[in-house]
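Report on the following structure.
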Amino acid sequence: MKLVLAEIFNSWQGEGGSVEGSAFGRRQIFVRFAGCDLNCVWCDSRQFIDASRVLQWRYEVEPFSGKFKYKSNPASLDEVVEVILSLDTGDIHSISYTGGEPTLQIKPLMALMERMNELGFKNFLETHGGFPEKIAEIAHLVDYASVDIKDETARATEDWRDLILREVESIKVLKKAGTKVYAKLVVTKDTKLENVEWYASLLKSLAPMVIQPKEPIDLTQNQLMEFYEAAAKILGRENVGLSFQVHKYLNVL
Ligand SMILES: C[S@@+](CC[C@H](N)C(=O)[O-])C[C@H]1O[C@@H](n2cnc3c(N)ncnc32)[C@H](O)[C@@H]1O
Ligand SMILES: Nc1nc2[nH]cc(C(=O)O)c2c(=O)[nH]1
Ligand code: SF4
Ligand SMILES: [Mg+2]
């Protein structure tokens with residue numbers, strides 16, 4: 001089984017805020033997969049989008065050390081498990097599978113999730129949710145999931161409305177499998193209020209939603225308050241929260 005990776009590191013989950021299913025502030029080991037089929041204009045991992053150009057993957061030899069070792073892609077399952085275990089600081093809440101888009105490598109992802117589950121770790125999936133049929137293959141192995149809602153201003157793909165509907169479908173699949181799942185909406189200064197209302201109406205009685213400003217932040221406090229208020233009116237005050245990429249302020253991976 002081969003995996004095409006970008007990096008593996010131990011850090012705090014910097015996103016997700018305080019909604020049910022979030023692992024915000026928890027210690028995680030992150031496995032970042034290379035390759036993505038979308039192209040969000042604000043993606044902070046765009047160097048890993050074209051997997052064919054990610055010839056090596058790296059892992060941090062010591063958490064927060066900023067010191068890395070490099071290995072050639074593709075990685076074997078055993079060497080990935082070995083690196084994850086070498087980064088285990090004993091306080092790990094879950095393993096975060098992110099990317100790039102991890103579900104593009106669904107079989108290797110499934111094999112790794114199975115191994116980490118057998119080793120007693122919880123699995124946290126960070127996904128754009130565009131492939132509900134692939135997510136259905138691994139949902140039983142996913143303890144927690146953050147599913148992005150790609151706002152129109154992400155310009156992630158041509159048919160952005162269809163992508164949103166597939167993301168909501170993925171949330172339904174995960175929920176049905178017993179995963180603690182929440183939606184993450186990255187907003188920008190150009191995000192339209194009526195779109196926030198549409199996303200919230202799709203998520204009503206399904207999953208909570210965090211509103212995460214695109215970094216670097218470009219929208220006003222007033223806009224953030226407006227989006228939050230509109231979402232809370234539709235989803236209920238218990239089901240909305242803010243999320244910021246706190247790791248960027250802590251200057252950690
Ligand atoms: C790099 S993506 C990888 C996982 C998956 N492809 C996805 O988009 O959800 C991980 C998370 O980082 C967030 N993210 C990436 N760039 C960002 C930025 N500039 N500002 C805010 N969030 C960002 C995405 O919204 C997503 O929730
Ligand atoms: N610390 C930290 N928290 C994160 N939450 C989501 C991330 C991601 O890139 O998936 C991420 C990340 O890259 N670093
Ligand atoms: S889906 Fe995720 S990895 Fe892909 S471009 Fe968007 S933010 Fe980046
Ligand atoms: Mg990140």
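Atoms within each ligand, like the ligands themselves, are counted from 1 in listed order. Keep in mind that the numbers below use all heavy atoms, side chains included, and drop hydrogens, waters and symmetry copies. Worth saying up front: this structure is predicted, and the values here are computed from it rather than measured.
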ring-ring contact (aromatic ring centres under 6.0 Å, His included) partners of residues 61-105, not counting sequence neighbours, each pair once
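Of all non-adjacent pairs touching residues 61-105, those that pass ring-ring contact (aromatic ring centres under 6.0 Å, His included) are Trp12-Phe64, His93-Tyr144.
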Check: [X] N/O within less than 3.5 Å of ligand 1 N/O:
X: Lys150; value: yes
X: Lys184; value: yes
X: Gly100; value: yes

Give every protein N, O or S atom lying under 2.8 Å from atom 6 (Fe) of ligand 3, naming each by residue and atom.
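Only Cys40 SG fall inside 2.8 Å of atom 6 (Fe) of ligand 3.
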Using distance alone, with no hydrogens and no angle criterion, decide if [X] and [Y] have a side-chain donor and acceptor under 3.5 Å apart.
X: Asn10; Y: Glu62; value: no
X: Glu101; Y: Thr127; value: yes
X: Glu215; Y: Tyr249; value: yes
X: Tyr199; Y: Asp151; value: yes
X: Glu15; Y: Ser243; value: no
X: Thr188; Y: Asp218; value: no
X: Asp50; Y: Ser52; value: yes
X: Ser76; Y: Asp78; value: no

Does some non-hydrogen atom of Cys36 fall short of 4.0 Å from ligand 1?
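No, Cys36 has no heavy atom closer than 4.0 Å to ligand 1.
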Pro216 near ligand 1, heavy-atom distance under 4.0 Å?
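The answer is no: ligand 1 sits nowhere under 4.0 Å from a heavy atom of Pro216.
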Between Ala6 and Val54, which heavy-atom pair has the shortest distance, and what is it?
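Looking at all heavy atoms of both residues, the closest pair is CA-CG1, 4.2 Å.
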Validation row: Phe121, Asp88 side chains within 4.5 angstrom (heavy atoms)
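With C-beta onward as the side chain, the pair touches.
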Could you tell me whether the side chain of Leu202 reaches within less than 4.5 Å of the side chain of Trp198, counting heavy atoms only?
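Yes, side chains in contact.
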Check each heavy atom of Val147 against ligand 1 and say whether those closer than 4.0 Å belong to the side chain, the backbone, both or neither.
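For Val147, there is no contact with ligand 1 at all, from either part.
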Specify side chain, backbone, both or neither for Pro213, according to which of its non-hydrogen atoms lie closer than 4.0 Å to ligand 1.
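Pro213 to ligand 1: backbone contact only, side chain stays beyond 4.0 Å.
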Between Val187 and Leu224, does a side chain to side chain contact (heavy atoms under 4.5 Å, CB included) hold up when you go through it step by step?
CA-CA 8 Å; Val187 292; Leu224 204 46; 4.3 Å; yes
Need the ligand 1 atom indices (1-based, order shown) with element for anything under 4.0 Å from a heavy-atom of [X].
X: Thr98; result: 3 (C), 4 (C), 10 (C)
X: Lys214; result: 20 (N), 21 (C)
X: Cys43; result: 16 (N)
X: Val186; result: 22 (N), 25 (O)
X: Ser45; result: 1 (C)

For [atom], what's the nearest protein heavy atom and its distance?
atom: atom 2 (S) of ligand 1; answer: Gly99 O, 4.2 Å
atom: atom 22 (N) of ligand 1; answer: Gln212 NE2, 3.1 Å
atom: atom 20 (N) of ligand 1; answer: Glu215 N, 2.9 Å
atom: atom 15 (C) of ligand 1; answer: Asp44 OD1, 3.3 Å
atom: atom 19 (N) of ligand 1; answer: Trp42 O, 2.8 Å
atom: atom 23 (C) of ligand 1; answer: Gln245 NE2, 3.3 Å
atom: atom 5 (C) of ligand 1; answer: Glu101 OE1, 3.4 Å
atom: atom 25 (O) of ligand 1; answer: Asp148 OD2, 2.5 Å

Short N-O contact, Lys184 and Glu126, less than 4.0 angstrom:
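So Lys184 pairs with Glu126 through a salt bridge.
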CA sep, side-chain torsions, deciding dist, call: Lys67, Glu60, salt bridge (charged side-chain N to carboxylate O under 4.0 Å, His left out)
CA-CA 6 Å; Lys67 287 194 187 65; Glu60 204 169 26; over 6 Å; no
Are Glu152 and Trp160 close enough, and set up right, to give a side chain to side chain contact (heavy atoms under 4.5 Å, CB included), and what steps lead you there?
CA-CA 6 Å; Glu152 179 183 19; Trp160 68 277; 3.6 Å; yes
Atoms of ligand 3, numbered as shown, that sit under 4.0 Å from any heavy atom of Gly100
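Those atoms are 3 (S).
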Enumerate the pairs of nitrogen or oxygen atoms, one from ligand 2 and one from the protein, separated by less than 3.5 angstrom; state names and distance to 0.1 Å.
residue: ligand 2; atom: 1 (N); partner: Trp12; partner atom: O; Å: 2.7
residue: ligand 2; atom: 1 (N); partner: Leu253; partner atom: O; Å: 2.9
residue: ligand 2; atom: 3 (N); partner: Gly14; partner atom: N; Å: 3.0
residue: ligand 2; atom: 5 (N); partner: Gln13; partner atom: OE1; Å: 2.7
residue: ligand 2; atom: 9 (O); partner: Arg32; partner atom: NH1; Å: 3.0
residue: ligand 2; atom: 9 (O); partner: Arg32; partner atom: NH2; Å: 3.3
residue: ligand 2; atom: 10 (O); partner: Thr98; partner atom: OG1; Å: 2.6
residue: ligand 2; atom: 13 (O); partner: Arg32; partner atom: NH2; Å: 2.8

Derivation and outcome, side chain to side chain contact (heavy atoms under 4.5 Å, CB included), residues Phe131 and Leu104:
CA-CA 8 Å; Phe131 302 118; Leu104 279 173; 3.5 Å; yes
Could you go through Ile217 and Phe244, starting from their C-alpha distance and side-chain angles, then the distance that decides it, and tell me whether this counts as side chain to side chain contact (heavy atoms under 4.5 Å, CB included)?
CA-CA 10 Å; Ile217 297 184; Phe244 297 92; 4.2 Å; yes
Go through Lys71 and Glu79 one step at a time and tell me if the salt bridge (charged side-chain N to carboxylate O under 4.0 Å, His left out) criterion holds.
CA-CA 10 Å; Lys71 290 191 164 219; Glu79 69 183 327; 3.1 Å; yes
Enumerate the residue pairs fulfilling salt bridge (charged side-chain N to carboxylate O under 4.0 Å, His left out) with a member in residues 226-244, sequence neighbours excluded, ordered by first and then second residue.
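Passing the test, one end in residues 226-244: no pairs.
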